[in-house]
A.B. asks: 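Could you have a look at this structure, given as C-alpha cells, before my questions?
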Amino acid sequence: LADTTSSLGTAISGATSATFTPSGAALTTAGTKYYAVIVNTTGDLTCADTAYVQLVVNAKPVIADGSATICVGESVDLTSKITNYATYSSPAWTVGTANGTAVTTPTSVKPTGTTTYVLVAQNAAGCKDTANVVVTVNAKPSAGKDTTLVCVNAATNTLATSITLSPSLAGGTWSQIGTTPATATITGNNVTGMTVAGTYQFIYTTSAGCKDTIAVTVAPCAGCVKPN
C-alpha cells in the first residue's frame with residue numbers, strides 16, 4: 001500500500017516483534033487505519049524496507065428495540081416495530097434469545113402470552129446488531145351472550161327497555177354502537193331507554209383497550225292491542 005501521508009506516524013511502543021494485533025480505539029472506532037512496519041537487518045540501518053497494512057473498521061449498526069401491545073387472538077407485524085427495518089439485510093427472528101426457536105413469518109405472529117422476539121440483522125458492510133421486540137398480550141374480555149328481551153305486556157304494548165349486562169374483566173366501559181333503533185342510556189353495566197323494538201349493539205372495552213361486543217334485541221309485542 002502507498003504511504004498516503006508521505007510520512008510515518010508515531011511508533012507503537014513495544015511493537016518490535018514480527019506480529020502485531022491492534023486493540024482498543026483502533027477496533028472500536030470506524031474508519032481506515034494504516035500501519036507501517038520497518039524491517040531492517042540488525043545493525044545495518046541502511047538496509048531497511050517499509051511495508052504498509054490498511055485496516056478498515058466498518059461501523060456497526062445500532063438497531064433500536066421495539067414493542068407492541070395486542071389482545072389475545074390478535075396478530076402483529078414484528079417488522080413494523082423496528083425503525084428503518086428495510087435498510088437491514090439478512091434479518092433472522094427468533095423467540096426469547098438469539099438461539100431460540102426461529103420465527104418463520106415475522107410479519108404476522110400471534111403469541112398467546114407476553115413474548116420477547118429477537119432480531120439479528122446486518123448493514124451493507126456485513127456488521128450485525130441485535131434488537132428485541134417485546135409483545136405484550138392482554139386478556140380479551142367477554143361482553144356476555146347475545147340476549148333477547150321479551151315483551152312485558154302485549155295488551156298494553158309494553159316493551160322490556162332495560163338490562164343489566166355482565167361482562168368478564170371488571171373495570172371496563174360500555175358504549176353503544178350506532179344510535180339505532182334508538183339511543184340507549186348506559187350507566188355502569190346498566191342499560192336503559194331501549195324504547196324502540198329492534199337490535200341494539202354494545203361494545204365493552206377494558207382499560208387495556210381489548211374489546212368484545214354484545215347484541216340486545218328488544219322483541220316487539222305481538223298480537224292485537226286493544227284501542228283506547
Side-chain angles (χ1 to χ4, degrees), residues 65-82 85 93-96 100-119 132-228:
D65 292 339
S67 63
T69 300
I70 62 174
C71 302
V72 169
E74 296 178 346
S75 61
V76 62
D77 178 1
L78 297 177
T79 67
S80 69
K81 305 306 175 181
I82 296 294
Y85 181 79
W93 290 91
T94 53
V95 178
T101 304
V103 179
T104 56
T105 55
T107 55
S108 181
V109 297
K110 188 185 291 185
T112 57
T114 297
T115 304
T116 298
Y117 295 90
V118 180
L119 167 67
N132 294 333
V133 175
V134 178
V135 179
T136 301
V137 181
N138 291 314
K140 184 178 180 179
S142 171
K145 295 182 178 180
D146 293 347
T147 302
T148 297
L149 304 178
V150 299
C151 172
V152 173
N153 189 326
T156 59
N157 197 31
T158 303
L159 302 174
T161 60
S162 64
I163 186 174
T164 298
L165 302 173
S166 301
S168 66
L169 297 181
T173 57
W174 287 100
S175 58
Q176 185 176 355
I177 302 174
T179 57
T180 56
T183 300
T185 300
I186 303 173
T187 305
N189 291 328
N190 299 314
V191 181
T192 59
M194 295 182 290
T195 57
V196 179
T199 299
Y200 297 75
Q201 297 280 344
F202 301 97
I203 187 168
Y204 184 73
T205 305
T206 66
S207 58
C210 297
K211 303 177 181 182
D212 193 27
T213 60
I214 187 174
V216 177
T217 300
V218 175
C221 293
C224 178
V225 177
K226 181 179 180 181
N228 293 327

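Heavy atoms only: backbone and side chains are in, while hydrogens, waters and symmetry mates are out. Count residues from 1 along the sequence.
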A.B. asks: Please determine whether side-chain contact (heavy atoms from CB on, under 4.5 Å) holds for the pair L169 and K140, giving the CA-CA distance in whole Å, both sets of side-chain angles, and the decisive distance to 0.1 Å.
C.D. replies: CA-CA 8 Å; L169 297 181; K140 184 178 180 179; over 6 Å; no
A.B. asks: Kindly indicate whether the side chain of T101, heavy atoms from C-beta on, has any atom under 4.5 Å from the side chain of T94.
C.D. replies: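 A side-chain contact is absent here, since even the closest heavy-atom pair is not under 4.5 Å.
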A.B. asks: Side chains of N189 and W174: closer than 4.5 Å at any heavy-atom pair?
C.D. replies: yes
A.B. asks: Check whether any side-chain heavy atom of L159 lies under 4.5 Å from a side-chain heavy atom of C221, and answer yes or no.
C.D. replies: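 When only atoms from C-beta onward are counted, C221 and L159 do touch, with a gap below 4.5 Å.
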A.B. asks: Below 4.5 Å, heavy atoms only, C-beta onward: do Q176 and T183 meet side chain to side chain?
C.D. replies: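 The answer is yes, as the side chains (C-beta and beyond) meet within the 4.5 Å cut-off.
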A.B. asks: Under the ring pair (Phe, Tyr, Trp, His ring centres under 6.0 Å) test, which residues partner F202, sequence neighbours left out?
C.D. replies: none
A.B. asks: Between I163 and M194, is a side-chain contact (heavy atoms from CB on, under 4.5 Å) present by the stated rule, with each step listed?
C.D. replies: CA-CA 9 Å; I163 186 174; M194 295 182 290; 3.9 Å; yes
A.B. asks: Heavy atoms only: give me the nearest A215-T199 pair and the separation to one decimal.
C.D. replies: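 The answer is CB-CG2, 4.0 Å.
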A.B. asks: Just so I know, are the side chains of P141 and C210 near enough to count as touching, which here means a heavy-atom distance under 4.5 Å?
C.D. replies: yes
A.B. asks: Tell me the closest heavy-atom pair linking Y204 and A143, and the distance in Å.
C.D. replies: CB-CB, 4.3 Å
A.B. asks: Can a donor-acceptor pair be found, under 3.5 Å and without considering hydrogens, that links the side chain of S80 to the backbone of L78?
C.D. replies: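 Looks like no, no N/O pair under 3.5 Å.
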A.B. asks: Which of these, I82, T115, D65, T79, sits in a side-chain contact (heavy atoms from CB on, under 4.5 Å) with V133?
C.D. replies: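 With V133 as partner, side-chain contact (heavy atoms from CB on, under 4.5 Å) holds for just one option, I82.
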A.B. asks: Heavy atoms only: give me the nearest Y200-V218 pair and the separation to one decimal.
C.D. replies: CE1-CG2, 3.7 Å
A.B. asks: List the atom of A208, the atom of N138, and the distance in Å for their closest heavy-atom pair.
C.D. replies: CB-ND2, 3.5 Å
A.B. asks: Passes side-chain contact (heavy atoms from CB on, under 4.5 Å), T187 versus T192? Steps please.
C.D. replies: CA-CA 8 Å; T187 305; T192 59; 5.8 Å; no
A.B. asks: Under 3.5 Å, is there a donor-acceptor pair between the N132 and T116 side chains?
C.D. replies: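 Side chains of N132 and T116: no pair found under 3.5 Å.
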A.B. asks: Which atoms form the tightest heavy-atom contact between G198 and P181, and what is the distance?
C.D. replies: CA-CG, 3.6 Å
A.B. asks: To the closest 0.5 Å, what do you measure between OG (S75) and CD1 (I70)?
C.D. replies: 7.0 Å
A.B. asks: Go through the steps to decide whether T69 and T136 satisfy the test side chain to side chain donor-acceptor pair (under 3.5 Å), and finish with yes or no.
C.D. replies: CA-CA 5 Å; T69 300; T136 301; 4.5 Å; no
A.B. asks: L165 pairs by side-chain contact (heavy atoms from CB on, under 4.5 Å) with which of N190, T147, V216?
C.D. replies: V216
A.B. asks: Tell me the closest heavy-atom pair linking V118 and G96, and the distance in Å.
C.D. replies: CG2-O, 3.5 Å
A.B. asks: Is it true that a side-chain atom of E74 and a backbone atom of V137 form a donor plus acceptor pair closer than 3.5 Å?
C.D. replies: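 No; judged by distance alone, with no hydrogens or angles, the pair does not exist.
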A.B. asks: Keeping the roles fixed (side chain from T205, backbone from G209), state whether a donor-acceptor pair exists under 3.5 Å.
C.D. replies: no
A.B. asks: Would you say T105 and T107 are linked by a side-chain donor-acceptor pair, where the criterion is simply a distance under 3.5 Å?
C.D. replies: no
A.B. asks: Between CG of L149 and OG1 of T217, what distance do you get to the nearest 0.5 Å?
C.D. replies: 8.0 Å
A.B. asks: Can you tell me if Q201 uses its side chain to pair, donor with acceptor, with the backbone of I177 under 3.5 Å?
C.D. replies: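 Checked: no pair found.
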A.B. asks: Is a side-chain donor or acceptor of S168 paired with a backbone partner of S142 at a separation under 3.5 angstrom?
C.D. replies: yes
A.B. asks: Test V135 against Y117 for side-chain contact (heavy atoms from CB on, under 4.5 Å), laying out the working first.
C.D. replies: CA-CA 8 Å; V135 179; Y117 295 90; 3.8 Å; yes
